[in-house]
A.B. asks: 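I have a structure I would like to understand better, so I am pasting it below and will then ask my questions one at a time.
In what follows, chains are A, B, ... by sequence order, proteins preceding strands, each numbered from 1.
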Amino acid sequence: MSDSKIRVRFAPSPTGGLHLGGVRTVLFNYLFARQHHGKFILRIEDTDQSRYVPGAEDYIWRCLQWCGLLPDEGPHVGGPFGPYRQSERKNIYQTYAHQLVEQGQAYYAFDTPEELEAKRREQPNFQYDVHSRWQMKNSLTLPAQQVKDLLQQGYPYVIRIRMPENTTLRMHDLIRGEVEFQTEQVDDKVLLKADGMPTYHLAVVVDDYLMQISHVFRGEEWLPSTPVHLLLWEYLFGKQHMPQWAHLPLILRPDGHGKLSKRDGDRLGFPVYAMDWTDPFTGETTRGFREMGFLPEAFVNMLALLGWNDGSGQEIFTLEELVERFSIERIHKAGARFDFEKAKWFNHEWIKRLPASHFAPEVKKIFAQHQIPIPQDNQFLQVLELVKERCNLLTDFVAQAGFFFQPPATYDRAAIEKKWNPQMKACFEAWMATLTDLVPWNATTLEQSLQEVATRHGLKKNDCLLPLRIMLVGGKFGPPVFQIAERLGKAETRQRIQRALQHF
RNA sequence: GCCGCGUUGGUCAAUCGGCUAAGACGCCUCUCUUUCACGGAGGAAUGACGGGUUCGACUCCCGUACGCGGUACCA
């Protein structure tokens with residue numbers, strides 16, 4: 001592949017949250033473009049005005065930003081092939097649609113939506129195609145003069161592609177190999193809608209040509225409509241300019257059947273969108289991976305491995321490594337089921353690998369949301385570093401690190417009930433006294449001193465560990481208990497023991 | 001219904017005719033740690049089915065089954 005002209009695009013329609021499958025499509029486009037030193041373009045496919053959702057386009061942009069997969073050209077950054085919003089290119093498509101009619105490869109159709117609906121009701125399998133178009137109201141069946149009149153009167157019409165008869169269309173897909181279609185089987189798709197806007201089919205082909213797209217990575221759900229695109233390329237621009245196709249396997253839901261959807265996430269308790277999305281009409285917010293506590297590095301890494309692997313068994317990759325190793329040949333053909341447990345594992349791995357400073361700002365935000373006081377940076381970082389191996393999600397830091405900055409609100413009494421007794425209480429009281437003079441204050445000296453006091457009281461040090469933990473953190477979690485005490489400092493440690501002793 | 005695409009453990013998956021079928025997640029056992037993790041050692045668990053082709057098929061071909069996608073003036 002010659003690198004110089006590699007141009008790929010992600011072309012979402014701004015109708016809501018950005019689905020994880022969408023992000024994976026972005027990722028594969030991005031990796032391919034970077035690897036070949038080409039361009040990655042963002043194009044907004046907003047040709048359906050009835051589905052326009054305010055804020056969705058901006059949201060998509062922010063998702064790409066969070067993932068670190070920003071395009072080289074697009075509505076927010078501009079570029080030499082703009083505008084990058086299809087609604088702003090309306091008249092371009094009209095010209096091509098009419099050209100097709102003139103060439104006899106498309107035709108005007110005057111059937112109203114109601115008429116079509118009625119037709120489908122009486123004939124459940126109705127398809128507007130090679131066979132049925134002769135019974136419909138269009139420029140193929142109506143007398144030329146009537147067509148002219150209708151057009152002149154401004155009677156609403158659409159332009160439909162005229163699928164040829166008895167033709168086999170062949171296409172080479174980079175992932176699936178040779179794919180064949182019989183033109184008879186595909187319908188006369190609408191190219192230009194009554195409102196003058198193109199449908200996806202016309203718009204992709206026109207824009208992919210005008211924007212000089214060299215490779216199309218898109219979801220497998222588009223495979224059945226490629227014959228229309230193939231024909232359009234042939235009719236309008238010549239197949240020699242056609243991009244190469246790569247239809248990506250779908251991301252399936254973890255249980256039952258079907259494509260993963262937002263509703264599955266709600267139902268099963270995991271995110272499907274990259275970031276929180278609030279529907280501007282209903283005000284309903286759908287949780288995103290970011291807000292659920294995912295690191296973009298992990299999110300992207302996890303997505304890359306859903307349908308692709310480099311064959312070496314390596315699973316943790318940086319974006320740079322992915323750019324280097326990515327290859328179309330190693331994309332799987334079959335759909336992949338999304339597994340939230342594995343997604344969390346990726347996140348855990350990335351939390352362990354990255355220095356705390358990398359995600360501290362995000363954790364601070366989470367702490368603020370939970371009203372947990374945030375100390376000075378170096379102290380904060382040290383604590384995060386100490387507990388990060390216990391956190392799968394960034395939100396886990398609340399439970400794993402929050403107690404360092406805030407005394408426990410409750411005590412897990414049940415955990416120590418069996419071991420707690422008056423001697424032990426006496427032991428802790430005695431220890432409190434010795435603690436005043438403990439120098440230096442660290443995990444080792446703390447342990448030694450408890451050892452001594454415990455022995456003196458006829459107790460085993462180890463039996464005191466869990467009670468001490470409950471006093472300091474409130475529950476059975478956190479790093480080794482003497483490290484916690486060291487970190488907490490003398491005053492705070494004594495205070496917490498003191499307070500707990502009153503409760504026990 | 002029709003068309004297209006797919007099918008290796010529960011999940012992600014390696015294998016491009018030689019397999020006693022990798023690895024990872026999850027699960028279980030042990031170990032470390034008297035918390036929870038991390039780390040370490042083990043374990044259970046897989047080629048949809050039927051025909052070919054071949055000395056030899058998980059790998060190639062054909063059927064069947066099953067799954068998914070599409071079948072809108074949505075993308």
A.B. asks: In whole angstrom, give me the gap between the C1' atoms of C36(B) and A24(B).
C.D. replies: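 My reading of the C1' atoms in C36(B) and A24(B) gives 23 Å.
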A.B. asks: Kindly state each residue pair satisfying salt bridge (charged side-chain N to carboxylate O under 4.0 Å, His left out) with at least one member in residues 394-414 of chain A, sequence neighbours excluded.
C.D. replies: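 Non-adjacent pairs meeting salt bridge (charged side-chain N to carboxylate O under 4.0 Å, His left out): zero.
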A.B. asks: Where does the angle between the aromatic ring planes of F482(A) and W431(A) fall among parallel (under 30°), tilted (30 to 60°) and perpendicular (over 60°)?
C.D. replies: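 F482(A) vs W431(A) ring planes: perpendicular.
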A.B. asks: May I ask you to say what K461(A) touches in the nucleic acid, namely base, sugar-phosphate or nothing, with a heavy-atom cut-off under 4.0 Å?
C.D. replies: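 If one applies the 4.0 Å heavy-atom cut-off, K461(A) turns out to touch nothing in the nucleic acid.
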A.B. asks: What's the gap between U54(B) and C61(B) when it is taken at their C1' atoms, as a whole Å value?
C.D. replies: 12 Å
A.B. asks: Looking at residues at least two apart in the chain, or sitting in another chain, which of them share a side chain to side chain donor-acceptor pair (under 3.5 Å) with E165(A)?
C.D. replies: none
A.B. asks: At under 4.0 Å between heavy atoms, what does P124(A) touch on the DNA or RNA strands: base, sugar-phosphate, or nothing?
C.D. replies: nothing
A.B. asks: Going 5' to 3' through nucleotides 10-15 of chain B, assign each nucleotide B (protein heavy atom under 4.0 Å from a base atom), S (under 4.0 Å only from sugar-phosphate atoms) or - (no protein heavy atom that close).
C.D. replies: -SSSSS
A.B. asks: For each nucleotide in nucleotides 43-48 of chain B, reading 5' to 3', give B when a protein heavy atom comes within less than 4.0 Å of its base, S when such contact involves only the sugar-phosphate, and - otherwise.
C.D. replies: ------
A.B. asks: For E220(A) and C5(B), what is the distance between atoms CD and C1' respectively, to the nearest whole Å?
C.D. replies: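 Rounding to the nearest Å, CD of E220(A) and C1' of C5(B) are 5 Å apart.
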A.B. asks: Determine: side-chain N/O of T199(A) to OP1/OP2 of A72(B), distance under 4.0 Å, yes or no.
C.D. replies: no
A.B. asks: Taking 4.0 Å as the cut-off, does a side-chain nitrogen or oxygen of R120(A) come that near to OP1 or OP2 on A72(B)?
C.D. replies: yes
A.B. asks: Below 4.0 angstrom from OP1 or OP2 of G26(B), is there any side-chain N or O of K344(A)?
C.D. replies: no
A.B. asks: How far, in whole Å, is A45(B) from G23(B) if one measures between their P atoms?
C.D. replies: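 Per the computed distance, 15 Å lies between those P atoms.
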A.B. asks: Name the nucleic acid region contacted by H348(A), choosing base, sugar-phosphate or nothing; use a 4.0 angstrom heavy-atom cut-off, strictly under.
C.D. replies: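 It contacts sugar-phosphate atoms only.
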A.B. asks: Would you mind telling me which residue lines up with the more 5' stretch of RNA chain B, A109(A) or I175(A), judged by nearest nucleotide?
C.D. replies: I175(A)
A.B. asks: Mind checking the C1' distance from C5(B) to G40(B)? Whole angstroms is fine.
C.D. replies: 44 Å
A.B. asks: Using atom P in both nucleotides, what's the gap between U15(B) and U34(B) to the nearest angstrom?
C.D. replies: 44 Å
A.B. asks: Does the distance from a Lys or Arg side-chain N to an Asp or Glu carboxylate O, for R170(A) and E180(A), drop under 4.0 Å?
C.D. replies: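 Salt bridge flag = yes for E180(A) with R170(A).
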A.B. asks: NA contact type, V158(A), heavy-atom cut-off 4.0 Å: base, sugar-phosphate, or nothing?
C.D. replies: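 The answer is base, as V158(A) lies within the cut-off (heavy atoms under 4.0 Å) of a base atom.
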A.B. asks: Tell me what T226(A) touches on the nucleic acid: a base, only sugar-phosphate, or nothing, going by heavy atoms under 4.0 Å.
C.D. replies: nothing
A.B. asks: Roughly how far apart are H247(A) NE2 and W222(A) CH2, rounded to 0.5 Å?
C.D. replies: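 So the gap between those two atoms works out to 9.0 Å.
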A.B. asks: Treating a pair as Watson-Crick (purine N1 to pyrimidine N3 plus N6-O4 or O6-N4) or G-U wobble (N1-O2 and O6-N3) with both distances under 3.5 Å, list the stems of 3 or more consecutive pairs that involve RNA chain B.
C.D. replies: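 Stem list for RNA chain B: B:1-7 with B:65-71, B:10-12 with B:23-25, B:27-31 with B:39-43, B:48-52 with B:60-64.
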A.B. asks: Pick the closest RNA chain B nucleotide for L192(A) and for P480(A) by heavy atoms, then say which residue is nearer the 5' end.
C.D. replies: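 The 5'-side residue here is P480(A).
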A.B. asks: Quick one: are L140(A) and W134(A) in side-chain contact, heavy atoms under 4.5 Å?
C.D. replies: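 Yes, at least one pair of side-chain atoms sits under 4.5 Å.
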A.B. asks: Could one point to a donor on the side chain of K189(A) or the base of U71(B) with an acceptor on the other under 3.5 Å away?
C.D. replies: no
A.B. asks: Just how far, in rounded Å, is C1' of C5(B) from NE2 of H172(A)?
C.D. replies: 15 Å
A.B. asks: Are the side chains of P156(A) and T112(A) in contact, using a 4.5 Å heavy-atom criterion?
C.D. replies: no
A.B. asks: Which of these nucleotides, C5(B), C25(B), G69(B), is closest to any side-chain atom of R176(A)?
C.D. replies: C5(B)
A.B. asks: Taking the side chain of Q127(A) as heavy atoms from C-beta outward, which of G26(B), U71(B), G1(B) is closest to it?
C.D. replies: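 So the nucleotide nearest the side chain must be U71(B).
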A.B. asks: In terms of ring plane angle, is the pair Y157(A) and H98(A) parallel, tilted or perpendicular, where the classes change at 30° and 60°?
C.D. replies: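 Rings of Y157(A) and H98(A): perpendicular, over 60°.
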A.B. asks: Choose from C73(B), U71(B), U35(B) the nucleotide whose nearest atom is closest to any side-chain atom of K476(A).
C.D. replies: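 Out of C73(B), U71(B), U35(B), the nucleotide with an atom closest to K476(A)'s side chain is U35(B).
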A.B. asks: Base, sugar-phosphate or nothing for Q314(A)? Non-hydrogen atoms, less than 4.0 Å.
C.D. replies: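 Answer is nothing: Q314(A) stays at 4.0 Å or more from every strand.
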A.B. asks: Where the side chain of D48(A) is concerned, which of C74(B), U34(B), A37(B) is the nearest nucleotide?
C.D. replies: C74(B)
A.B. asks: Run the side chain to side chain donor-acceptor pair (under 3.5 Å) test against S132(A) and tell me which residues pass, sequence neighbours left out.
C.D. replies: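 Counting only residues at least two positions away or on another chain, S132(A) forms a side chain to side chain donor-acceptor pair (under 3.5 Å) with D129(A).
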A.B. asks: F477(A) side chain: which of G4(B), U35(B), C25(B) is closest?
C.D. replies: U35(B)
A.B. asks: Kindly state which residues belonging to residues 384-400 of chain A come within less than 4.0 angstrom of RNA chain B, counting heavy atoms of the residue only, listed by number.
C.D. replies: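 Residues of residues 384-400 of chain A that come under 4.0 Å of RNA chain B are, in numerical order, E389(A), R390(A).
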A.B. asks: Counting any heavy atom closer than 4.0 Å, what does V204(A) reach on the DNA or RNA strands: base, sugar-phosphate only, or nothing?
C.D. replies: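 The answer is nothing, as V204(A) stays clear of every strand by at least 4.0 Å.
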A.B. asks: Applying salt bridge (charged side-chain N to carboxylate O under 4.0 Å, His left out), name anything that partners R89(A), two or more places apart in sequence or on another chain.
C.D. replies: D207(A)
A.B. asks: Please list, chain by chain and in numerical order, all residues satisfying salt bridge (charged side-chain N to carboxylate O under 4.0 Å, His left out) with R9(A), sequence neighbours excluded.
C.D. replies: D208(A)
A.B. asks: Consider side chain to side chain donor-acceptor pair (under 3.5 Å). Of Y107(A), Y128(A), Y108(A), which one does N138(A) pass it with?
C.D. replies: Y128(A)
A.B. asks: Expressed as a whole number of Å, how far does the P atom of C30(B) sit from that of U35(B)?
C.D. replies: 15 Å
A.B. asks: I'd like to check the ring pair (Phe, Tyr, Trp, His ring centres under 6.0 Å) partners of F338(A); sequence neighbours left out, ordered by chain and number.
C.D. replies: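 Ring pair (Phe, Tyr, Trp, His ring centres under 6.0 Å) check on F338(A) returns F270(A).
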A.B. asks: What interatomic distance, in whole Å, is found between C1' of G63(B) and the corresponding atom of A22(B)?
C.D. replies: 32 Å
A.B. asks: Does C74(B) have OP1 or OP2 under 4.0 Å away from a side-chain N or O of K193(A)?
C.D. replies: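 Yes, within the criterion.
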A.B. asks: Find the distance K419(A):NZ to U35(B):P and express it as a whole number of Å.
C.D. replies: 8 Å
A.B. asks: Is there a side-chain contact between R162(A) and R133(A), using heavy atoms and a 4.5 Å cut-off?
C.D. replies: yes
A.B. asks: Looking at residues at least two apart in the chain, or sitting in another chain, which of them share a salt bridge (charged side-chain N to carboxylate O under 4.0 Å, His left out) with D310(A)?
C.D. replies: R325(A)
A.B. asks: Taking the side chain of L465(A) as heavy atoms from C-beta outward, which of U71(B), U34(B), C2(B) is closest to it?
C.D. replies: U34(B)
A.B. asks: Can you tell me which nucleotide in G70(B), C2(B), G39(B) comes closest to the side chain of P224(A)?
C.D. replies: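 Looking only at heavy atoms from C-beta outward on P224(A), the closest nucleotide is G70(B).
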A.B. asks: Could you go through the side chain to side chain contact (heavy atoms under 4.5 Å, CB included) check for Q483(A) and R487(A) one step at a time?
C.D. replies: CA-CA 6 Å; Q483(A) 283 185 43; R487(A) 190 110 262 140; over 6 Å; no
A.B. asks: Would you measure the distance from the P atom in C19(B) across to the matching atom in A72(B) and give it in whole Å?
C.D. replies: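 Each nucleotide's P atom is 49 Å from the other's.
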A.B. asks: Who passes ring pair (Phe, Tyr, Trp, His ring centres under 6.0 Å) against W61(A), sequence neighbours left out?
C.D. replies: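 Applying ring pair (Phe, Tyr, Trp, His ring centres under 6.0 Å) to W61(A) gives H76(A).
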A.B. asks: Taking CG from D111(A) and C1' from A72(B), how many angstroms apart are they, rounded to a whole number?
C.D. replies: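 Result: 14 Å.
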